[in-house]
*Asks:* 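One structure is given below, represented as structure tokens, and several questions about it will come after.
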Amino acid sequence: MKKLFDKMMAAVSAAAITAAGIPYAVPVQAADTAFPYTIEGEALEGADLWTSIYETKIPDYSGEGFWYLTASPASFKVTVPEDAMYQLTVRGAQILSGEGGARMESVKVSGVEYSIQTGYSAEWRDYDFGMVRLNKGENTIEFFSKYGYMAIDSVTVSEADFPDLSKATDELCDPKATPEAKSVMKYLHSVYGENILSGQQQIYGGGNTIQTTIRYDENADKCTDQDGVEYEIDKESYDKDEQGHKFPWHCTGPDGQVYTYSSQNRNYTCNNYNLDVNLIHDLTGKYPAIQGFDFGSYCPCYAWDDGVAGRMIEWTNEKGGICTASWHVNVPTAMADYTIGEPLDFSKTTYTERTDFKTANCMVEGTVEYEYFQLCMKNLAAELLKLQDAGVPVIFRPFHEAEGNPSHTDDPIDGSGAWFWWAKEGAVVYKQLWALLQDTLENEYGLHNLIWEQNLYAWSDSSAEWYSGDDRVDIVAFDKYNTQYNRHDGKTSGPNLDAEAGIFYKIHGYVKGNKMVAMAENDSVPSMTNMQVEHAAWLYFCPWYDTPESPFVSGKNYQDHEELKALYNSEYCITLDELPEDLFKGGTAPTSSTTSVSTTKTATAATTTSTAVSTTGTTADVTLLGDANLDSKVTVADAVAILQSIANKDKYALKPQGAANADCFNTGDGITGRDALAIQKLDAKAIEKLPELSE
């Protein structure tokens, strides 16, 4: 207790001395940088002075010359009063890639790496390195040569300017869209920028298999298990095995569970498709508002019905949830192995770029690729029609993650960095394929229940050239996988909970703010604090499903379960139980309970939601209980701030948000010395958490 007493007395003494006007020695800190801040390239620490790049002159540089980034790095420092986002711009030139080409350039901000593709320029131009996060105090910004050289005339850091998100449209690109699709789109727009929708991807195909003792007796024409329970046979699914024996592919149990025949073990199995949403419920006490599905099982090479349409109908019509769906459709690895209409062993198919399937031929009648892709669309349309007939709208995300990695050549949109067959021939062919699918589904099959969502990346300005256009896209999205690297929050352990605001606003800029921006896939879910600091207003998040190799939901190296619980239980995050009852008939978000990511109003499971009056007479809601000085952490410094405000409220008034956070002993009774004492007890580990309650 002596340690606790010493800490309390030191804090009280410091507050009293300062309040009385007696100088109190505090550590000397660098003055905050005035923004916008510009530094000449040759003035960076470690830089040297250039006036030409060997024989190449680049006139009109500012200052005495410029710095040519080669093998050695150079840096400068800025100091900021709190964690926030800033814009980083380089006036530079890049002459090595050749006209029309680009090179990857990198910068570290307090050790965190950011990279962009810099286009060729033999003249000075502004290169936008995007929004970067600067943390409270001193930050080092270092340019280093990872992939290419660059001439840097000057660097400018300015406070981030966040655009108005309300410009995004709530109208669908399909003029014949169903009422349900229109209604969901308007609801999404009503919460965009104010809330984030929770989501979770479901495994597809034969995932999460559960073995059973159910077997088929051909003589009795019955399916029974070892306990003698009889299962109803799907008589339309009869088939014959290689020995000519009859069997049904599907049977249904007394509880309605459908089981599928396993040719390997000659028994029946089922799949636990609800494993991931149930994991979310176990962790947070809530179900996600959106569930992700996939139509990959209906590939013509090996098509089988995994029941996805039925699960989507149940999620919407029985649970009241929103559906999103991707389409991992495979093609033959070698087209010579494939005959149209004939099954092909799964191992000879792929959705990656490793195939001789010519994507451009999907648009050329008479080619085998054209005939094959027509079958793909026919199978897909059959499932989508089931949904449309049931009144189920779908956020449809075909041909996802098109650009993949940046191009490996001087042509930034040639598809050389693509991961999938639909993008391997570049952005032009990719957009033609997108248009073919959209036109066929709408005009040939009469499908109008789709909200078209397109994945984009943000490697460079050229990434925008993969966009299919405002008339063909309703929502744009990014897939975030960066759990263990490129973190911007200053932490060195645990899952990466970055909000990736820089990418959010780059993609927002690519579509000129006309479309909502979502995080359609992700590993770690961004933390509430990071989304708030970074102003990252993603429409929704949606972690990929658990696998033994990558447990995206259950694995603590992928998710911070306490942060996830806090987010799910905050006002900011919308869960299944919070969707409007009339969602598919025009329901929108209630404006009275929304919480904008661009403000400090939050409520999490780790804090008590209350409102406190500051010493200036205004009110605010709690963000982090005990954080009186608003530095996003709770330390003895907060106790000092409280005691100073009590001693001299005119000189040391807490900000409204700080006052709300400060009331951490018997919350609701106002700010007293007991609140400062509670913080000191927490710092000394005499109590485990706030608020402290009187016995």
Side-chain angles (χ1 to χ4, degrees), residues 28-97 102-161 459-461 486-490 502 506:
V28 176
Q29 296 181 349
D32 293 338
T33 304
F35 296 101
Y37 173 77
T38 299
I39 184 171
E40 293 295 328
E42 66 271 21
L44 271 62
E45 184 177 350
D48 49 9
L49 178 66
W50 295 60
T51 55
S52 67
I53 303 175
Y54 306 111
E55 291 80 22
T56 302
K57 297 280 188 180
I58 307 178
D60 301 324
Y61 48 75
S62 59
E64 298 178 8
F66 58 89
W67 170 53
Y68 191 45
L69 168 60
T70 54
S72 299
S75 63
F76 66 101
K77 292 179 171 61
V78 293
T79 303
V80 298
E82 59 184 1
D83 293 5
M85 301 300 291
Y86 291 80
Q87 194 73 32
L88 182 62
T89 306
V90 172
R91 185 174 190 254
Q94 190 274 104
I95 64 173
L96 290 186
S97 66
R103 296 179 74 87
M104 183 78 79
E105 301 293 347
S106 300
V107 61
K108 289 181 181 177
V109 180
S110 295
V112 177
E113 186 175 321
Y114 296 81
S115 297
I116 68 164
Q117 291 280 97
T118 56
Y120 172 87
S121 179
E123 299 177 347
W124 299 115
R125 56 167 281 193
D126 286 340
Y127 289 98
D128 179 11
F129 274 74
M131 288 187 189
V132 299
R133 177 169 172 164
L134 300 181
N135 296 319
K136 180 179 179 179
E138 189 175 76
N139 295 258
T140 299
I141 299 176
E142 178 187 75
F143 291 90
F144 65 102
S145 180
K146 187 173 184 179
Y147 299 107
Y149 299 167
M150 183 183 191
I152 296 179
D153 185 35
S154 63
V155 183
T156 298
V157 183
S158 55
E159 294 179 345
D161 183 18
W459 298 113
S460 70
D461 290 345
N486 276 10
R487 63 186 317 136
H488 307 142
D489 57 6
K506 274 192 176 182

*Asks:* With sequence neighbours left out, write down each residue that passes side-chain hydrogen bond (donor to acceptor under 3.5 Å, both in side chains) with Thr140, or none if nothing qualifies.
*Replies:* none
*Asks:* Quick check: closest heavy atoms across Asp83 and Asn135, and the distance to 0.1 Å?
*Replies:* OD1-CA, 3.3 Å
*Asks:* Taking it one step at a time, do Ile95 and Tyr149 satisfy side-chain contact (heavy atoms from CB on, under 4.5 Å)?
*Replies:* CA-CA 9 Å; Ile95 64 173; Tyr149 299 167; over 6 Å; no
*Asks:* Evaluate Val157 against Phe76 for side-chain contact (heavy atoms from CB on, under 4.5 Å), listing each step before the verdict.
*Replies:* CA-CA 11 Å; Val157 183; Phe76 66 101; 3.9 Å; yes
*Asks:* Drop me the distance from Asp161's CG to Met131's CE, to the nearest 0.5 angstrom.
*Replies:* 7.5 Å
*Asks:* Just jot down the side-chain hydrogen bond (donor to acceptor under 3.5 Å, both in side chains) partners of Ser97, sequence neighbours excluded, or say none.
*Replies:* Gln94
*Asks:* According to ring pair (Phe, Tyr, Trp, His ring centres under 6.0 Å), who are the partners of Tyr127, at least two apart in sequence or on a separate chain?
*Replies:* none
*Asks:* Report the residues that fulfil side-chain contact (heavy atoms from CB on, under 4.5 Å) with Ser72, sequence neighbours left out, ordered by chain and then residue number.
*Replies:* none
*Asks:* Could you tell me if the side chain of Met150 sits less than 4.5 Å from the side chain of Val90, heavy atoms only?
*Replies:* yes
*Asks:* Please enumerate all residues that pass side-chain contact (heavy atoms from CB on, under 4.5 Å) together with Glu159, with sequence neighbours excluded.
*Replies:* Phe35, Tyr86
*Asks:* For Phe143 and Leu44, work out which heavy atoms get closest and say how close.
*Replies:* CD1-CD2, 4.0 Å
*Asks:* Begin with the C-alpha distance, continue with both residues' side-chain angles, and end with the deciding distance and a verdict on side-chain contact (heavy atoms from CB on, under 4.5 Å) for Lys77 and Thr33.
*Replies:* CA-CA 9 Å; Lys77 292 179 171 61; Thr33 304; over 6 Å; no
*Asks:* Show the nearest heavy-atom pair for residues Pro81 and Asp32, with the distance to one decimal.
*Replies:* CB-OD2, 3.3 Å
*Asks:* Please list, chain by chain and in numerical order, all residues satisfying side-chain contact (heavy atoms from CB on, under 4.5 Å) with Asp48, sequence neighbours excluded.
*Replies:* Trp50, Trp67
*Asks:* Heavy-atom distance under 4.5 Å between the side chains of Arg133 and Tyr114, does that happen here?
*Replies:* yes
*Asks:* Check Gly46 against Ala74 and note the closest heavy-atom contact, atom names and distance.
*Replies:* C-CB, 3.9 Å
*Asks:* I'd like to know if the side chain of Ser145 reaches the main chain of Thr70, judged simply by a donor and an acceptor atom lying under 3.5 Å from each other, with no hydrogens or angles considered.
*Replies:* yes
*Asks:* Please list, chain by chain and in numerical order, all residues satisfying side-chain hydrogen bond (donor to acceptor under 3.5 Å, both in side chains) with Thr89, sequence neighbours excluded.
*Replies:* none
*Asks:* Quick one: salt bridge (Lys or Arg N to Asp or Glu O under 4.0 Å) partners of Asp153, sequence neighbours excluded?
*Replies:* Arg91
*Asks:* CG/Leu88 to CE/Met85 distance, rounded to the nearest 0.5 angstrom?
*Replies:* 11.0 Å
*Asks:* Would you name the heavy atoms of Phe66 and Thr51 that are closest together and state the gap between them?
*Replies:* CE2-C, 3.5 Å
*Asks:* Do you know the tightest heavy-atom contact between Ala47 and Glu42?
*Replies:* CB-O, 4.0 Å
*Asks:* Identify, with sequence neighbours excluded, every residue that meets salt bridge (Lys or Arg N to Asp or Glu O under 4.0 Å) alongside Lys146.
*Replies:* Glu113
*Asks:* Going by the rule side-chain hydrogen bond (donor to acceptor under 3.5 Å, both in side chains), which residues pair with Glu142 if we only count those two or more places apart in sequence or in a different chain?
*Replies:* none
*Asks:* Check residues 116-126 and write down every donor-acceptor pair under 3.5 Å in which the side-chain atom is one partner and the other belongs to a residue at least two apart or another chain.
*Replies:*
from   : atom 1 : to     : atom 2 : distance (Å)
Gln117 : OE1    : Met104 : N      : 3.4
Thr118 : OG1    : Arg103 : O      : 2.9
Ser121 : OG     : Glu123 : N      : 3.3
Ser121 : OG     : Glu123 : O      : 2.6
Trp124 : NE1    : Ile58  : O      : 3.4
Trp124 : NE1    : Pro59  : O      : 3.0

*Asks:* Using side-chain contact (heavy atoms from CB on, under 4.5 Å) as the criterion, list what pairs up with Thr156, not counting sequence neighbours.
*Replies:* Pro36, Thr38
